[in-house]
Amino acid sequence: MKKLIGYSNSNHILIKNKNLFHKKSLEKNIFNLKNILHINDLAKDLTDNWLEVLRSKSLIQDIIAAITVASVALPLNIALAVACGLPASTGIIAGAVGGGIAALFGGSALQVTGPAAALSFMILSITKEFGAVGVAGACIIIAIIQFLLSLLKAGRFIKFMPEAVLVGFTTGVGLRLLDNQFPELLGFNSSVFAISKIFNRSDWLHEVSWHAVVCGLVVALLVTSCKQFKRFPAAFVGIVIVTEVSTRLDWSIQRVGSIPSFLPLPSLPLLSLDRWIQLLALAIPLAFLASIESLLSAQAIDRISHSKKSHNSNLELFGQGFANLGSGLFGGMPVSGVIVRSSVNVQCGAKTRLSSLLHAVLLLVCIFYLADTMASIPLAALAGLLCVIGLRLVEFKTFFHLLKAQKFAALSFALTMIGTVSGHLLWGLLSGILVFSFGYWLKKPEKKTEISPLKSKNIRGHLPSRIKVEYKKPTHYTLPIENQNWLTQIREKAYITASAFVHQKASLIGRIVLGDHVHIAAESSIRADEGTPFFIGSNSNIQDGVVIHALKEKWVSVGGEDWAVYIGENVSVAHQALVHGPCFIGDNSFIGFQAIVHDSIIGSHCYIGIGAIVVGVEIPAGRYVPHGMVVDSLDKVDILPQVTDAHMNFNEDVVDVNKGLVAAYKKHNGHFDTNKKNLENTSMKWKKTPYKF
């Protein structure tokens, strides 16, 4: 009997192990199938992207954009290569080969790829230890890692990277750039710390190369003074001027030096096995950093370009991997998607990825035909450009804001910055992420036991009186009561100023007050039939497919008056967003595409990202809600980063465009203002009274 039982147990174990084997085999097959399907999806997306290019009729716009972007990228590529201790040709090859391959295979249609300032310090460390061959080898390692990240669908995790860590890193990079390039601007070949000893001597001015100072300052001043002219290639023009002047006057200053007028044949970098292993430790963090910067840049370009189709993050990682592989094989340097060149591409009217590809072709043309001219560029001129870039990367304002609001985020910023500046980048990034995560875990949500008096009165919040608006107030104004007659509210007429424009395909229902130059686009639905009234301030724009609605008997109090939805001045509510009252949106704020804002107060100068959800909170002025983030608690509000100049400049551009559209639509309609009909219909019900908010 025992033997029989033993045999039975053994047989059971055999069957169990066999089932386990089949289960693991099945899971492995499913994993392989998913990867195959993922690759097929990437191939399909890439094919669709190029079919869109072939169907597009924007060749002229793409060519113009490519010329402008190439004129911006050329000096930047040379300057960053020199800053990394590499030959100038390395930067041009990286921009031409890497930029062209990324345009062919990347997942972002309008992104421009090339050498990046944020990567320069880490590349410099590799150059010092391994030389140009090691930098090319690092490109190969980066490519392999990016291929793996794409295969593992890691692109979706970019939104979890702490903003404080990223800003701390870029600040550290900016400080390192200034440390390396400021002495070059003065004609010295040492660091800021080394030349600071010279300043103690009374004759230190005699050691300064004033010709170098003039070259650097001319470029720096031209770049900063022309910042508002976004399509003007100030860096390119400035470098051309100082190169021509310094050459004709025969100034004795350091120049870029010889640049080969040919493209080298592709080849694998020759390194011993132990050197490859040593290089791996430096290239891994560089790979993650290049990937993060590329995906962040792609997100920003989607926002700036109003793209109907967002980028494919995993396809973008795949394209960046190919770009770095190509750059490494041709002896270039690591590349990533770069926001500066990409934003110029969008601002110059690019419509397809053809502009990015043509920009790379133009860089190749420069290698073949302008090598001698580029060899004469003064290093001080490039130093002036890099000093401006370094200053723009430094964000101490964000650090001091975090110091007041989020101590752990400020500490993670500082640790990352110190690690970057001191040369211990990997430890700086890891410690910054760990400290930020610990602070987020440590912070407990506050439990409110008392009911706010504002809530008990159905008032979402009280806001100060700041704006004076004139509108016609109904003589029979009464707040909604229980079991009210909804027909009364539906019959209320909107007040639309003569300078505002409401598209004939838009829907306005109930008591809605529109300020001057407001633009209500087609297919938008603004319904003050349940919660009422609504206010939309001057110069604000409500774009296609936006829905604005509100709950009954819920308001925000603005200057002592109750509004179901109050939208301030110079506000942009982007396509297909939902604003549901009770809600207040402060002046100069932007609500992104398909974002949702409900039962919330949004301060002035805020930026709500694409697809973000804001529910039941009060967001202070000047905060940025990242794309897709859900903000529904005080804890999540506390970790929101500050808006950047790019966010605010973008909203200003949107407001300006829509003000122009208002004028254009009115002219197109033959100056017939359909709003006047609304005013005539409501003249018996409304009387003109000054109103404060």
Should Gln278 and Leu271 be marked as a side chain to side chain contact (heavy atoms under 4.5 Å, CB included) after you check the CA-CA gap, both sets of side-chain angles, and the distance that decides it? CA-CA 10 Å; Gln278 293 172 13; Leu271 290 168; over 6 Å; no
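- Rounded to the nearest 0.5 Å, atoms CD1 (Ile284) and CD1 (Ile144) are 10.5 Å apart.
- Screening Val135, Leu80, Thr90 for a side chain to side chain contact (heavy atoms under 4.5 Å, CB included) with Ile123, the sole residue that qualifies is Val135.
- Side-chain polar atoms of Glu395 and Thr171 form no donor-acceptor pair below 3.5 angstrom.
- The CD1 atom of Ile367 sits 5.5 Å away from the CD1 atom of Ile92 when rounded to the nearest 0.5 Å.
- At least one donor-acceptor pair closer than 3.5 Å links the side chain of His627 to the backbone N or O of Ile610.
- Counting only distance, with no hydrogens or angles, the side chain of Ser120 and the backbone of Cys84 share no donor-acceptor pair below 3.5 Å.
- Checking side-chain atoms of Ser355 against main-chain N and O of Ala66 turns up no donor-acceptor pair under 3.5 Å.
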From CA spacing to verdict: side chain to side chain contact (heavy atoms under 4.5 Å, CB included), Leu370, Leu74: CA-CA 11 Å; Leu370 298 177; Leu74 181 63; 5.5 Å; no
Stepwise side chain to side chain contact (heavy atoms under 4.5 Å, CB included) check, Phe130 with Leu282: CA-CA 11 Å; Phe130 297 91; Leu282 294 174; 3.7 Å; yes
Step by step, would you call Ser356 with His359 a side chain to side chain donor-acceptor pair (under 3.5 Å)? CA-CA 5 Å; Ser356 301; His359 128 271; 5.7 Å; no
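- Checking side-chain atoms of Ser125 against main-chain N and O of Phe121 turns up a donor-acceptor pair under 3.5 Å.
- The aromatic rings of Phe400 and Phe396 sit tilted, their planes meeting at an angle between 30° and 60°.
- Contact of the Pro334 side chain with the Met122 side chain is not registered, since no non-hydrogen atoms from C-beta on lie closer than 4.5 Å.
- Using cut-offs of 30° and 60° for the angle between ring planes, the Phe318 and Phe147 rings count as tilted.
- Under a 3.5 Å cut-off, the side chain of Arg176 and the backbone N or O of Val421 do form a donor-acceptor pair.
- With sequence neighbours left out, Phe436 forms a ring-ring contact (aromatic ring centres under 6.0 Å, His included) with no residue at all.
- Taking Ser89 as the reference, Pro87, Ile259, Pro260 meet the side chain to side chain contact (heavy atoms under 4.5 Å, CB included) condition, with sequence neighbours excluded.
- Summarising the geometry, atom CZ belonging to Phe413 is positioned 7.5 Å from atom CG belonging to Leu402; distances are rounded to the nearest 0.5 Å.
- Between the side chains of Thr398 and His401, no donor N or O sits under 3.5 Å from an acceptor N or O.
- Under a 3.5 Å cut-off, the side chain of Gln254 and the backbone N or O of Leu379 do not form any donor-acceptor pair.
- Judged purely by atom type and a 3.5 angstrom limit, Asn312 has no side-chain atom pairing as donor or acceptor with the backbone of Gly107.
- In this structure, Val167 and Pro641 have side chains that are not in contact, with every pair of non-hydrogen atoms separated by 4.5 Å or more.
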I'd like to know whether Gln320 forms a side chain to side chain contact (heavy atoms under 4.5 Å, CB included) with Leu149, so could you lay out the CA-CA distance, the side-chain angles of the two residues, the decisive distance to 0.1 Å, and finally the verdict. CA-CA 11 Å; Gln320 292 295 327; Leu149 291 174; over 6 Å; no
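- With hydrogens and angles ignored, the 3.5 Å screen pairs a side-chain donor or acceptor of Asn324 with a backbone N or O of Val335.
- Judged purely by atom type and a 3.5 angstrom limit, Ser412 has no side-chain atom pairing as donor or acceptor with the backbone of Ile433.
- Here the OG-CD1 distance, from Ser572 to Ile608, works out to 12.5 Å after rounding to the nearest 0.5 Å.
- To the nearest 0.5 Å, atom CZ of residue Phe105 and atom CG of residue Leu325 are 10.5 Å apart.
- Once rounded to the nearest 0.5 Å, the distance linking OG of Ser336 with CG of Leu119 reads 4.5 Å.
- Minimum interatomic distance between Ile253 and Ser246 (heavy atoms only, all atoms of both residues): CD1-CB, 4.1 Å.
- For the residue pair Ser294 and Glu316, no side-chain donor N or O sits within less than 3.5 Å of a side-chain acceptor on the partner.
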